[in-house]
Amino acid sequence: MSHKHAVVIGSGFAGLSAATHLAVNNYQVTIVEKNDSPGGRARKFEHQGFVFDMGPSWYWMPDVFEKYFADFGKSPSDYYDLIRLDPSYAVIYGEQDVLDIPANLDSFKEMLEKIEPGAAVQLDKFLEQAAYKYQVGIHDLVTKPSRSIFEFTSPSLLKDMLRMDIFQSMSKHVRKFFKSDKIIRLMEFPVLFLGETAENIPALYSLMNYADIALGTWYPKKGMHEIIKGMVSLAEEKGVKIRYSSEVEEIEIEGGIAKRIRLKSGEKISADVVVAGADYHHVDKHLINPKYSNYSEDYWNKRVMAPSSLLFYLGINKRLENLRHHNLFFDEPLGPHADAIYTHPRWPEKPLFYASVPSITDRTVAPEGMENMFLLIPLAPDLDDSEEIREKYYNIIMDRLERISGQEIRSHVIFKRSYAHRDFKNDYHAFKGNAYGLANTLTQTAILKPSLKNKKVSNLYYTGQLTVPGPGVPPSLISGKVVANEVIKENN
Ligand SMILES: Cc1cc2nc3c(=O)[nH]c(=O)nc-3n(C[C@H](O)[C@H](O)[C@H](O)COP(=O)(O)OP(=O)(O)OC[C@H]3O[C@@H](n4cnc5c(N)ncnc54)[C@H](O)[C@@H]3O)c2cc1C
């Protein structure tokens, strides 16, 4: 029986997942977390009866969460109650031009057919491929540590990969099936979660459409943070110790072996293994002696980061009309906004944005008769986000929100907090203030992602949204398991 001590840096999804998997494999595990509460980007805060999820709001791929808890003999329902949203979300193309996306597949097909005759049959063909990609992608490819090309060379996997459309863009793929601009935008939306536009995301990721259309959009009652709460309680049940307000300042390495971590307080904690779930760049460039870094600053500057975001958490003292739980404002063209994120980084002239109103589904997250709203504008990383500019964009999107939803909102805002690049850097040491890690472009996939193992330090590993398999809650959960398996394989 191993009594090795693993120190896990960070209590985000990846850190909690890695820690719990190690704990049930006889590791003594301590998580050290910089902030005073768990969850990283999925923290929550409360203000006078409003309960705000700070980051993720879309619960997709419920099977990944089931698998996570099942690994420990549990189920999500032991920790939180899930509700399937119907409509899944609304897409706002303009005033009086709103699509409610039905949860039911037949109703979804009927909706498409009305927009483009023949689209229902095309959807069947599109989804058949997407289902196959989901099975191979989520149940096989993402579970690979991606440390060697040989992980991908078994004849059966090579055959699978040929069917996965890795070398075709999502944008071209969608256009093979659909002609209507509206449907194309709808089908291209899910890959925005992967941090790039459909032109630069491999068509492998139509698996996201399968997740969206076939598996559905869910919501844990009382908010997304309930998942974190459940994971913390499970981790502690398995013996993981979590220390909050414990920022790591250095991983002390001697002769190519990580010996201990030093906290900001000066305290040192010795370790047999260190798993870093904090932002990869921060660990690689700021927590270890530069001679042990996996990658140069130049390497990092050449990475395509997924966007940062400007967020507003709003408490509203009345009930809102004409909005859904999830509302995607596609009332301006994506092209110029994408250009402002990826090609010529700048504040966009006419931003697309997303509005979430969880209190429409769940009355526990806002006081009686009030509404809890979260607004998000995706932005290029590393922009200057002064208070003035945040306010300017608040007014731009609030004008559109009020006009399109046909109601006064601004004058009913009784609580408002903004959050952007500076906050991502301060709170999470986020490289360039990124929100979602690295984009899943072809040249940043699998073995081409930052490696989950330090190449010069035998017992230092990385996990989380900047390494394999990529950004998002389900991949971060998987990342923690993948890294734990590597630790167990190499250190027992
Ligand atoms: C606004 C927003 C919306 C999102 N929406 C969705 C969504 O709807 N659905 C979805 O699936 N995904 C979504 N995501 C992405 C998802 O939240 C992330 O991919 C995921 O939470 C990343 O988890 P992680 O464990 O890799 O990193 P993190 O959550 O960032 O965890 C890293 C932890 O390390 C800690 N840390 C950093 N430095 C140190 C240090 N020196 N010492 C100690 N601790 C340290 C941090 O405090 C943090 O707790 C969203 C993200 C954001 C920001």
Side-chain angles (χ1 to χ4, degrees), residues 7-19 30-43 52-61 64-65 89 190 192-195 208 211 217-219 224-225 227-228 231 242-251 261-264 269 274-283 286-288 306-313 326 354 356 358 374-379 419-421 423-431 433-438 440 462-480 483:
V7 171
V8 175
I9 305 174
S11 67
F13 283 104
L16 285 168
S17 165
T30 307
I31 297 182
V32 277
E33 166 56 55
K34 164 187 182 297
N35 294 317
D36 61 7
S37 61
R41 282 160 167 89
R43 284 180 304 153
F52 294 101
D53 275 317
M54 293 185 73
S57 54
W58 297 75
Y59 190 107
W60 273 10
M61 307 186 180
V64 174
F65 296 85
Y89 51 95
L192 294 177
F193 281 130
L194 305 174
M208 295 288 283
T217 300
W218 299 76
Y219 171 79
M224 293 290 281
H225 188 78
I227 315 166
I228 292 291
M231 288 177 70
I242 309 183
R243 294 187 50 178
Y244 299 106
S245 306
S246 299
E247 178 167 351
V248 177
E249 270 195 344
E250 189 184 356
I251 301 168
I261 52 138
R262 179 172 51 77
L263 300 180
K264 207 171 177 181
I269 303 174
V274 176
V275 177
D279 272 42
Y280 200 126
H281 172 270
H282 166 64
V283 178
H286 298 291
L287 298 189
I288 58 178
S308 185
S309 297
L310 170 59
L311 309 162
F312 294 99
Y313 309 100
H326 296 296
Y354 156 59
S356 172
F374 162 106
L375 301 175
L376 182 156
I377 307 175
L379 293 169
Y419 197 96
H421 305 69
D423 305 288
F424 283 109
K425 287 181 191 167
N426 287 339
D427 287 353
Y428 311 118
H429 294 302
F431 180 50
N434 81 79
Y436 319 102
L438 275 189
N440 267 355
Y462 304 82
T463 185
Q465 61 173 0
L466 281 104
T467 179
V468 286
V473 173
S476 300
L477 280 180
I478 293 167
S479 181
V483 82

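Computed from a prediction, not measured in an experiment: that's the story for all the values here. Counting convention: from 1, in listed order, for ligands and their atoms alike.
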Open item on the list: Please check: side-chain N/O of Arg41 versus main-chain N/O of Ala435, any donor-acceptor pairing under 3.5 Å?
Closed with: yes
Open item on the list: Going by the rule salt bridge (charged side-chain N to carboxylate O under 4.0 Å, His left out), which residues pair with Asp53 if we only count those two or more places apart in sequence or in a different chain?
Closed with: none
Task: Test item, Gly39 contacting ligand 1 (heavy atom, 4.0 angstrom) - done: yes
- [ ] Using a strict 4.0 Å cut-off to heavy atoms of Pro474, name the atoms of ligand 1 that fall inside it.
- [x] 11 (O)
Open item on the list: I need the Phe52 CZ to Phe312 CZ distance, nearest 0.5 Å.
Closed with: 13.0 Å
Open item on the list: Between ligand 1 and Gly437, can you find any atom pair, the residue atom being a heavy atom, that is separated by under 4.0 Å?
Closed with: no
TODO: Please round to the nearest 0.5 Å and tell me the distance separating atom CZ of Arg243 and atom CD1 of Ile269.
DONE: 4.0 Å
Task: Atom indices of ligand 1 within 4.0 angstrom of Asp427 heavy atoms, with elements - done: 47 (O)
Open item on the list: Test your reading of the model: is there a side-chain donor-acceptor pair from Tyr59 to the backbone of Met224, 3.5 Å cut-off?
Closed with: no
Task: N or O pair under 3.5 Å between Val473 and ligand 1 - done: yes
Open item on the list: Quick test: of every protein heavy atom, which one is nearest to atom 25 (O) of ligand 1, and how far off is it to 0.1 Å?
Closed with: Ala14 N, 3.0 Å
- [ ] Specify the protein heavy atom at minimum distance from atom 23 (O) of ligand 1: its residue, its atom name, and the distance to 0.1 Å.
- [x] Ser476 OG, 3.6 Å
Open item on the list: Quick check on contacts: which atoms of ligand 1 are under 4.0 angstrom from a heavy atom of Ala278?
Closed with: 34 (O), 36 (N), 37 (C), 38 (N), 39 (C), 45 (C)
TODO: Could you tell me if the ring centre of Phe65 sits under 6.0 Å from that of Trp218?
DONE: no
Task: Under 3.5 Å: N/O of Glu247 near N/O of ligand 1 - done: no
Task: For Trp58, all residues meeting side chain to side chain donor-acceptor pair (under 3.5 Å), sequence neighbours excluded - done: Tyr354
- [ ] Would you check the N or O atoms of Ala42, main chain and side chain alike, for any that come under 3.5 Å of an N or O of ligand 1?
- [x] no
Task: Tyr428 (side chain) donor-acceptor with Asp279 (main chain) under 3.5 angstrom - done: no
- [ ] With rounding to the nearest 0.5 Å, note down the distance linking CD1 in Ile251 to CG in Leu287.
- [x] 5.0 Å
Task: Enumerated ligand 1 atoms positioned under 4.0 Å from heavy atoms of Gly464 - done: 26 (O)
Task: Taking atom 19 (O) of ligand 1 as the reference point, the nearest protein heavy atom with its distance - done: Gln465 OE1, 2.6 Å
- [ ] Before signing off on this row, confirm whether Phe193 and ligand 1 have an N or O atom pair separated by under 3.5 Å.
- [x] no
Open item on the list: So is Ala430 touching ligand 1 or not, going by heavy atoms under 4.0 Å?
Closed with: no
Task: Min side-chain heavy-atom separation Met54-Tyr313 under 4.5 Å - done: yes
Task: Which of the ligand 1 atoms, numbered from 1, are nearer than 4.0 Å to a heavy atom of Val32 - done: 43 (C), 44 (N)
Open item on the list: Under a 3.5 Å distance rule, please check whether Ser308 uses its side chain to pair with a backbone N or O of Gly433 as donor and acceptor.
Closed with: yes
TODO: Mind checking whether Phe424 contacts ligand 1 via backbone (N, CA, C, O), side chain (CB onward), both or neither, at a 4.0 Å heavy-atom cut-off?
DONE: side chain
Open item on the list: Any atom of ligand 1 sitting under 4.0 Å from a heavy atom of Ser246?
Closed with: yes
Task: Exam field: side chain Ser476 to backbone Pro474, donor-acceptor pair closer than 3.5 Å - done: no
Task: Side chain, backbone, both or neither: the part of His429 lying under 4.0 Å from ligand 1 by heavy atom - done: side chain
Open item on the list: Using only atom types and a distance under 3.5 Å, with no angle test, would you say the side chain of Lys34 pairs donor to acceptor with the backbone of Gly10?
Closed with: no
Task: Sub-3.5 Å N/O-N/O distance, Gly15 and ligand 1 - done: no
TODO: Would you check whether Thr463 reaches within less than 4.0 Å of ligand 1, judged by its heavy atoms?
DONE: no
TODO: Measure the distances from the heavy atoms of Tyr419 to every atom of ligand 1 and state whether one is below 4.0 angstrom.
DONE: no
Open item on the list: What's the separation between atom OG in Ser11 and atom CD1 in Ile228, rounded to the nearest 0.5 Å?
Closed with: 7.0 Å
Open item on the list: Looking only at protein heavy atoms, which one is nearest to atom 13 (C) of ligand 1, and what is the separation?
Closed with: Pro56 CB, 3.6 Å
TODO: Provide the number and element of each atom of ligand 1 under 4.0 Å from a heavy atom of Trp58.
DONE: 7 (C), 8 (O), 9 (N)
- [ ] Give the residue, atom name and distance (to 0.1 Å) of the protein heavy atom nearest atom 33 (C) of ligand 1.
- [x] Gly10 CA, 3.7 Å
Open item on the list: I'd like to check whether Gly472 has a polar contact with ligand 1, where a contact means an N/O of the residue lying under 3.5 Å from an N/O of the ligand.
Closed with: yes
Task: Top protein contact for atom 42 (N) of ligand 1, by heavy-atom distance - done: Val248 N, 2.9 Å
TODO: Could you see which bit of Glu249 sits under 4.0 Å from ligand 1, with heavy atoms only: side chain, backbone, both or neither?
DONE: neither
- [ ] Show which atoms of ligand 1 fall inside a sub-4.0 Å distance from at least one heavy-atom site of Asn35.
- [x] 47 (O)
- [ ] Look only at the side chain of Thr463 and the backbone of Gly15, and say whether a donor-acceptor pair between them is shorter than 3.5 Å.
- [x] no
Task: Closest protein heavy atom to atom 49 (O) of ligand 1, given as residue, atom name and distance to 0.1 Å - done: Glu33 OE1, 2.6 Å
Open item on the list: Just to confirm my output: which protein heavy-atom neighbour is closest to atom 44 (N) of ligand 1, and how far is it?
Closed with: Lys34 N, 3.1 Å
TODO: Give the numbers and elements of all ligand 1 atoms closer than 4.0 Å to a heavy atom of Gly12.
DONE: 25 (O), 29 (O), 31 (O)
- [ ] Rounded to the nearest 0.5 Å, what's the gap from CD1 on Ile261 to CD on Glu247? Could you check?
- [x] 11.0 Å
Task: Phe431 backbone acceptor or donor facing His282 side chain under 3.5 Å - done: no
Open item on the list: Between ligand 1 and Tyr436, is the shortest N or O to N or O distance under 3.5 Å?
Closed with: no
- [ ] Say whether, by atom type as modelled, one donor and one acceptor occur between the side chain of Asp423 and the main chain of Ala420 under 3.5 angstrom.
- [x] yes
